[in-house]
Amino acid sequence: MASLLHFPSLCFSSPSYSNIPTIHLSPPISSSSNAFNFSSVLTRQKPQILGLCPRGIRRVPGNPNLPLRLQSIITTGPESQSQLKKREPMIPPYNVLITGSTKGIGYALAKEFLKSGDNVIICSRSAERVESAVQNLNEEFGAQRVSGTVCDVRKGDEIKKLVTFARDKLKYIDIWINNAGSNAYTYKPLSEASDEDLIEVVTTNTLGLMICCREAIMMMSNQPRGGHIFNIDGAGSDGRPTPRFAAYGATKRSVVHLTKSLQAELQMQEVKNVMVHNLSPGMVTTKLLMSGALTKQAKFFINVLAEPAEVVAEYLVTGIRSIPSSGSMKPTYIRFLTGLKAYSQIFSVKDTICCL
């Protein structure tokens with residue numbers, strides 16, 4: 001599960017998601033240019049020269065300084081299909097799909113959504129864990145509101161089967177949470193990591209996330225209600241080093257970049273009914289986190305900052321559900337453990353120790 005936070009050097013920097021990237025050319029290209037250099041395309045908040053859409057490049061009025069070669073391929077076709085479709089309001093109960101949700105924070109999220117009255121689909125690589133989790137949730141919330149299936153996010157055909165399963169059970173998915181993640185339960189220098197462990201971490205956390213996002217976007221863009229995708233980050237997502245689990249940290253850094261890139265792509269393609277967001281659970285007392293508590297410093301931060309999965313899930317689900325209920329299609333980054341909260345807890349413990 002994606003629940004690790006770097007112990008030795010805490011940093012809770014927050015990448016700004018206020019600027020939604022679009023295509024921009026800078027500086028303006030003279031009409032006398034002999035060629036158009038696509039490497040000069042930068043991302044800015046508002047398109048000043050041109051935008052991209054599924055039908056090709058379209059010209060934005062009021063910007064004549066484009067080379068003739070580019071003007072010859074500009075199209076001014078009809079609006080994209082996503083614009084022509086009227087998006088239905090997304091009202092609860094919501095249909096939720098959570099990957100890697102038979103244990104840890106994923107399972108806690110599933111329970112919290114069910115408590116809120118939503119319908120949930122859970123999945124895992126292990127058929128035994130799926131069966132056990134579904135049985136336990138059925139006993140607590142009823143068999144009509146939760147379903148589960150085996151799925152390995154590293155395999156595209158299994159994600160496609162997951163989408164088919166979701167449609168058969170719920171017809172559509174409002175909220176898709178990419179929680180499946182792995183650290184191979186190893187904490188050692190990269191020089192000592194096995195090929196198998198590295199492949200496990202990278203294919204699950206990076207390739208699996210990409211495949212899930214691709215299939216979720218394809219599914220939701222064809223739904224009248226659209227949908228929201230949430231990618232869970234982890235230690236390393238802020239760019240800080242993660243010694244002894246460098247591969248994990250590198251994959252979690254890529255989560256933030258992938259989310260931003262997908263936000264830009266959706267805008268470029270004029271997809272108005274799907275948005276990709278980030279979730280940050282902070283430090284959650286799961287098996288994955290506790291397996292790394294090998295030093296006094298690590299144990300200190302866990303004791304001070306880590307929270308039970310149920311506490312974190314309650315906070316995150318409240319934030320997640322507020323997005324579709326408000327009708328917002330703006331990118332968001334929901335964090336449980338903010339920098340202010342972390343430092344406040346650390347210093348309060350130090351003050352208590354000093355007073356003893």
Side-chain angles (χ1 to χ4, degrees), residues 1-4 93-155 157-170 173-186 196-197 200-201 203-205 208-209 211-212 215-216 230-232 234 248 279 281 283-293 306-317 320-321:
M1 300 303 102
S3 56
L4 290 172
Y94 302 120
N95 293 342
V96 184
L97 186 153
I98 309 171
T99 66
S101 44
T102 57
K103 60 181 180 178
I105 186 63
Y107 184 75
L109 288 169
K111 289 189 67 173
E112 198 61 37
F113 278 112
L114 289 167
K115 288 180 183 179
S116 301
D118 300 322
N119 306 303
V120 177
I121 288 179
I122 64 172
C123 65
S124 168
R125 299 179 197 175
S126 168
E128 182 180 353
R129 288 205 304 266
V130 170
E131 182 179 357
S132 175
V134 170
Q135 181 179 349
N136 292 336
L137 293 173
N138 282 343
E139 291 175 358
E140 186 172 356
F141 300 102
Q144 303 301 317
R145 295 177 49 213
V146 58
S147 304
T149 185
V150 176
C151 179
D152 187 340
V153 299
R154 300 171 298 180
K155 301 177 180 178
D157 59 338
E158 294 200 18
I159 299 299
K160 289 180 172 63
K161 291 178 181 178
L162 176 63
V163 170
T164 300
F165 179 85
R167 284 174 172 161
D168 291 343
K169 293 294 183 179
L170 300 177
I173 294 295
D174 298 310
I175 297 169
W176 180 308
I177 300 178
N178 287 313
N179 173 68
S182 175
N183 190 44
Y185 293 102
T186 59
E196 292 75 18
D197 287 346
E200 158 74 12
V201 172
T203 55
T204 302
N205 300 357
L209 178 62
I211 295 173
C212 285
E215 298 302 320
F230 292 85
N231 296 332
I232 293 188
Y248 178 92
L279 285 180
M283 299 177 70
V284 186
T285 51
T286 63
K287 182 180 178 181
L288 183 60
L289 176 69
M290 301 309 295
S291 62
E307 296 281 1
E310 294 74 18
V311 174
V312 178
E314 182 179 4
Y315 177 89
L316 293 180
V317 168
I320 293 169
R321 296 182 87 251

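The shortest non-hydrogen separation linking Ala133 to Ile122 is CB-CD1, 3.6 Å. The two residues Ala180 and Gly100 have their closest heavy-atom pair at CB-N, 3.9 Å. In terms of heavy atoms, Trp176 sits closest to Thr99 at NE1-CG2, 4.1 Å. Residues Ser182 and Glu200 approach most closely at OG-OE2, 2.8 Å, considering heavy atoms.
More than 12 heavy atoms of other residues, nucleotides or ligands sit less than 6.0 Å from atom CD of Glu139.
A donor atom on one side chain and an acceptor atom on the other are not found under 3.5 Å apart for Asp174 and Asn95.
With sequence neighbours excluded, the residues satisfying side chain to side chain contact (heavy atoms under 4.5 Å, CB included) with Lys115 are Glu112, Phe141. The side chain to side chain donor-acceptor pair (under 3.5 Å) check on Lys160 picks up Glu215, with sequence neighbours excluded.
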For Asn178 and Ile232, run side chain to side chain contact (heavy atoms under 4.5 Å, CB included): C-alpha distance rounded to whole Å, both residues' side-chain angles, the deciding distance at 0.1 Å, then the answer. CA-CA 6 Å; Asn178 287 313; Ile232 293 188; over 6 Å; no
Apply side chain to side chain contact (heavy atoms under 4.5 Å, CB included) to Leu97 and Ile175, showing your working. CA-CA 6 Å; Leu97 186 153; Ile175 297 169; over 6 Å; no
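Distance check: Ile105 CD1 to Leu279 CG gives 9.0 Å after rounding to the nearest 0.5 Å.
Inter-residue side-chain proximity for Ile320 and Phe113 is flagged as met; some heavy-atom pair is nearer than 4.5 Å. For the pair Val150/Cys123, no side-chain contact is recorded, criterion being any heavy-atom separation below 4.5 Å from C-beta on. Residues Val96 and Ile173 have side chains not in contact (no heavy-atom distance under 4.5 Å, counting atoms from C-beta outward).
A salt bridge links Asp152 with Arg154: the distance from a Lys NZ or Arg NE/NH1/NH2 to an Asp or Glu carboxylate oxygen falls below 4.0 Å.
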